[in-house]
There are 2 protein chains.
Amino acid sequence: MERTRSAILAAAASVLARDRAATLPQIAAAAGVGRTTVHRYYPDRDTLIKAAVEDSAQVIGEAVTEARLDEGTPVEALHRLVTAYLSVGDRLVFLFNDPHVMRDYGVDQPDGPPPGDPVLDLIERGQAEGVFDDQSTATWIQHVLWALVYTGIDEVNKGTVSRHGVAATVIRTLERGILT
Amino acid sequence: MERTRSAILAAAASVLARDRAATLPQIAAAAGVGRTTVHRYYPDRDTLIKAAVEDSAQVIGEAVTEARLDEGTPVEALHRLVTAYLSVGDRLVFLFNDPHVMRDYGVDQPDGPPPGDPVLDLIERGQAEGVFDDQSTATWIQHVLWALVYTGIDEVNKGTVSRHGVAATVIRTLERGILT
DNA sequence: CCAAAACGGAACGCTGACGTTCCATTTCTG
DNA sequence: CAGAAATGGAACGTCAGCGTTCCGTTTTGG
């Protein structure tokens with residue numbers, strides 16, 4: 001069943017995001033599936049993780065594509081990007097929070113989205129138009145963006161901030177910093 | 001020998017910061033010591049990690065204390081704090097990057113410094129004086145601070161940013177965000 | 001210089017997670 | 001409804017890392 005396959009991949013991403021040493025039975029349970037069934041789809045742990053990595057990368061890629069970063073002002077596009085990232089929070093944390101995941105199982109660069117990344121394009125466009133800080137490198141801004149999104153996800157998971165208001169908080173801090 | 005003890009603790013923090021699943025022989029090797037010797041000081045893995053946690057917490061605590069956060073303007077104090085945090089980067093990453101570490105081995109709160117934290121005091125003072133954003137909670141600002149410090153440490157470890165200039169970059173982004 | 005302490009290597013048993021196989025049961029599908 | 005496919009439980013061997021013991025070697029300190 002194809003439904004089982006995606007349930008396993010989603011569960012793997014979700015569980016491994018919270019605990020990268022999660023055991024295989026834990027993943028199976030989270031997917032509502034027996035350990036045997038997991039092995040039927042993915043012979044060994046490495047195969048499973050690699051498949052989950054690719055699945056997550058695709059889901060994130062689609063979310064970013066739908067954000068249409070090349071349209072509108074850079075600030076508007078940035079808003080859509082943050083919202084898109086937050087909507088796939090679990091997958092983001094799974095893929096990029098532990099450098100080892102992408103380094104060991106990723107198909108492309110050790111960390112961060114692949115080259116030709118629309119996110120980097122957006123940042124560079126914003127810098128070229130003079131609205132994004134160009135004292136910082138585009139890479140730095142990109143990493144700051146991720147860091148704030150991660151922080152927002154943590155807050156939501158912890159209940160400190162509502163899932164509804166987190167995007168606004170992340171964007172405000174990202175744009176203006178913490179000074180008044 | 002007391003020198004051996006601190007070498008083991010420092011190695012544990014450093015190695016576990018980079019790979020939380022690091023094996024015990026790896027830690028011993030990083031400390032320049034045999035596995036047997038590690039066991040002589042710390043009977044089992046849990047004891048070792050707990051000791052490393054307490055050691056790191058103390059080192060970080062001293063660094064923060066030396067930053068004298070209650071002196072000068074909040075912005076000045078914030079600069080000193082960022083510098084202090086960056087100077088103990090490895091230990092910070094070890095303690096707080098993986099929520100499980102403090103949850104399983106920490107003596108106080110599951111994450112972040114203990115209550116009565118001078119850092120929170122500083123943030124609240126800055127908000128009261130009207131220089132720090134008070135649309136955000138103090139906790140949010142604190143977590144953003146950590147996130148940017150972590151990001152700065154990553155960049156340094158990766159060679160993207162010089163160890164010398166990273167404090168200025170972190171502070172600039174923290175204060176003004178990424179817009180011009 | 002010599003005894004005592006510290007160290008490191010080797011070997012052993014133990015445990016938890018993994019990967020495999022077998023088979024009974026449930027769920028599709030024609 | 002009947003055969004085929006998918007599922008999940010149980011049991012087994014394997015293996016890596018842990019914790020322990022023993023003993024020879026190095027370092028410390030009087």
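Reminder, nothing fancy here: chain letters follow the sequence lines and each chain counts from 1. All values below were derived from every heavy atom in this structure, side-chain atoms included, with hydrogens, water molecules and symmetry-related copies excluded. On a predicted model such as this, the values are computed, not experimentally measured, just so you know.
- Residues Ile123(B) and Phe132(B) come closest through the heavy atom pair O-CD1, 3.6 Å.
- Annotation: side chain of Ile178(A) is not in contact with side chain of Ser136(B) (no heavy-atom distance under 4.5 Å).
- The distance from atom OH of Tyr42(B) to atom P of dT20(D) is 16 Å, rounded to the nearest whole Å.
- When all heavy atoms of Ser162(B) and Val156(B) are compared, the pair lying nearest together is O-CG2, 4.2 Å.
- The pair Arg91(A)-Asp55(A) meets the salt-bridge criterion, since a charged nitrogen lies less than 4.0 angstrom from a carboxylate oxygen.
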Nucleotide by nucleotide, nucleotides 12-21 of chain C touches protein heavy atoms under 4.0 Å in the pattern (B base, S sugar-phosphate only, - none) -----SBBB-
Show the distances under 3.5 angstrom between N or O atoms of the protein and N or O atoms of nucleotides 5-7 of chain C.
from: dC7(C); atom 1: OP1; to: Thr4(B); atom 2: OG1; distance (Å): 2.7
from: dC7(C); atom 1: OP1; to: Tyr41(B); atom 2: OH; distance (Å): 3.3
from: dC7(C); atom 1: OP2; to: Tyr41(B); atom 2: OH; distance (Å): 3.0

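- Salt bridge annotation for Arg172(B)-Asp133(A): present, with a cationic side-chain nitrogen under 4.0 angstrom from a carboxylate oxygen.
- Of the inter-residue distances, the one linking Ile141(B) atom CD1 with Thr169(A) atom OG1 reads 11.0 Å to the nearest 0.5 angstrom.
- One interatomic measurement links the two molecules: CZ of Arg3(B) to P of dT28(D), which rounds to 11 Å at whole-angstrom precision.
- When every heavy atom of Gly152(A) is checked against every heavy atom of Val170(A), the shortest pair comes out as CA-CG2, 4.2 Å.
- Aromatic ring centres of Trp140(A) and His143(A): separated by at least 6.0 Å.
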